Amino acid sequence: MQQRLCDFIVNEVGVGIFSLDQEHEILLWNRFMAQHSGISAEQAIGANLFELFPELPQKWLSKKIESVFVLKNFAFTSWEQRPYLFKFPHNRPITGGMDFMQQNTTFMPVRNESGEVDAVTVNLFDVTDNAIAQNLLQEAMGKLEEYSNRDGLTGIYNRRYLDARFTQELERMSRYQAAFFTVILFDLDRFKQVNDNYGHLAGDEVLRVVASRVLTTLRDTDVFGRYGGEEFMLLLPQTDLAGAEIAAERIRVILCDQPVQFGESKIKISASLGLSECHSGAIEPPKVIEEADMALYFSKQNGRNLVTVYSPEISS
Ligand SMILES: Nc1nc2c(ncn2[C@@H]2O[C@H](COP(=O)(O)OP(=O)(O)OP(=O)(O)O)[C@@H](O)[C@H]2O)c(=O)[nH]1
């Protein structure tokens with residue numbers, strides 16, 4: 001009766017169970033293992049595990065098994081470190097992003113009457129659902145993080161992200177002597193008139209077009225975002241004033257070169273730009289934004305549609 005109960009439990013429990021001797025010969029192979037591997041207990045018992053499943057990570061797994069024989073302790077693996085041992089298919093939707101059943105395993109030493117370990121029993125748990133849920137959660141959190149850094153209208157970075165990146169750049173500078181970056185601030189010219197003449201929706205469209213035009217001129221490492229209303233900021237790591245001035249001039253031209261099409265209307269636009277460089281050793285690095293803003297103001301004061309590089313003279 002007891003044997004019958006044990007057999008029943010081993011086969012009906014929804015967990016993979018198999019046992020091995022020290023030569024990796026299979027001693028026990030329950031129904032879960034048979035169903036998922038397609039290899040029956042009759043075929044498995046007496047066979048060598050690694051001959052039956054050549055795709056198993058033999059070096060790693062035999063070491064793991066050996067450690068249980070020698071140390072006489074339990075051992076574990078988790079899907080987070082090693083997603084699966086056996087390439088068992090699963091019946092979850094492909095959208096979960098998992099190719100095979102995700103598995104946690106427990107390796108248990110089986111002792112004989114004299115206390116020696118003469119077999120290792122492995123329990124294999126199907127944790128595919130947990131793994132899918134965890135991956136979806138991580139994906140959602142990643143998207144949330146991404147959304148929280150983006151401007152809703154233009155899709156480029158927002159002020160929050162720009163501020164964080166600015167702080168990061170300052171930290172990078174305090175760590176590396178050779179680090180420097182340039183800030184470009186620009187503001188659309190007479191944007192109030194765009195809203196007044198063509199309506200707020202047209203104004204919004206102009207902001208979207210500005211963002212997408214500027215994006216086409218940037219390097220991968222440049223950080224571009226909307227700083228507020230119709231003001232935009234670029235952080236250009238490892239770019240000196242000469243290089244940044246070229247980039248700023250390119251932006252100025254790409255914005256005023258062509259009007260923005262909104263319905264039947266062609267809306268003429270331009271921007272005023274200001275830039276300033278920050279390098280390690282600068283006395284007051286956070287002042288770089290203030291300086292770029294002063295340079296931008298200088299562009300506005302001097303006719304708009306202009307690029308101005310900050311110098312102490314313009315602030316006086
Ligand atoms: N459509 C739209 N307008 C915005 C948005 N954010 C700010 N604005 C408008 O931008 C305009 C900014 O106007 P001002 O600061 O007077 O500057 P300006 O008309 O661009 O003139 P200058 O900067 O001096 O060349 C205001 O009319 C704001 O309402 C937005 O998200 N959408």
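Predicted, not measured: the structure shown is a model, and the values here were computed from it. Every number for a ligand or one of its atoms is a count from 1 in the order of the listing.
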I'd like to know whether Tyr161 forms a side-chain contact (heavy atoms from CB on, under 4.5 Å) with Ser148, so could you lay out the CA-CA distance, the side-chain angles of the two residues, the decisive distance to 0.1 Å, and finally the verdict. CA-CA 8 Å; Tyr161 183 79; Ser148 72; over 6 Å; no

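- Using 4.0 Å as the threshold, Arg226 has a heavy atom nearer than that to some atom of ligand 1.
- Protein heavy atom nearest atom 6 (N) of ligand 1, with residue, atom name and distance: Gly229 CA, 3.2 Å.
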Pair Phe69, Phe107 - check ring pair (Phe, Tyr, Trp, His ring centres under 6.0 Å), show working. CA-CA 10 Å; Phe69 274 107; Phe107 295 75; over 10 Å; no

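- With a heavy-atom cut-off of 4.0 Å, Leu201 does not touch ligand 1 at all.
- Crowding of Lys192 atom NZ: a count of heavy atoms from other residues, nucleotides or ligands under 6.0 Å not exceeding 12.
- Where the criterion is an N or O separation shorter than 3.5 Å, residue side chain and backbone included, Leu153 fails it with respect to ligand 1.
- A side-chain donor from one of Asn149 and Arg160 sits under 3.5 Å from a side-chain acceptor of the other.
- The contact set between ligand 1 and Arg304, taken as ligand atoms under 4.0 Å from a residue heavy atom, comprises 22 (P), 24 (O), 25 (O).
- The shortest contact between atom 3 (N) of ligand 1 and any protein heavy atom is with Asn195 ND2, 2.9 Å.
- Using a 4.5 Å cut-off on side-chain heavy atoms (C-beta onward), Leu255 and Val210 make contact.
- Atom 19 (O) of ligand 1 has its nearest heavy-atom neighbour, among Lys300, Gln193, Lys192, in Lys192.
- Of all heavy-atom pairs spanning Leu56 and Leu85, the tightest one is CD2-O, 3.2 Å.
- With ligand atoms numbered from 1 in the order given, ligand 1 contributes 23 (O) to contacts under 4.0 Å with heavy atoms of Asp187.
- Which parts of ligand 1 touch Gly203 is read off a 4.0 Å heavy-atom cut-off, strictly below it: atoms 1 (N).
- Close contacts of ligand 1 with Arg190, meaning ligand atoms under 4.0 Å from a residue heavy atom, involve 18 (P), 19 (O), 20 (O), 21 (O), 22 (P), 25 (O).
- Atom OG1 of Thr105 and atom NZ of Lys64 lie 7.0 Å apart (nearest 0.5 Å).
- Backbone and side-chain nitrogen or oxygen atoms of Leu188 are examined, and one is located within less than 3.5 angstrom of a nitrogen or oxygen of ligand 1.
- Note: Asn130 CG to Asn104 CG = 8.0 Å, rounded to the nearest 0.5 Å.
- For atom 12 (C) of ligand 1, the nearest non-hydrogen atom from the set Glu205, Glu230, His200 belongs to Glu230.
- Two residues are said to be in side-chain contact when any heavy atoms from C-beta on lie closer than 4.5 Å; Val307 and Glu245 meet this criterion.
- Looking at Phe191, Tyr198, Tyr297, it is Phe191 that brings a heavy atom closest to atom 11 (C) of ligand 1.
- Counting atoms of ligand 1 from 1 in the listed order, those under 4.0 Å from a heavy atom of Asp204 are 1 (N), 2 (C), 30 (C), 31 (O), 32 (N).
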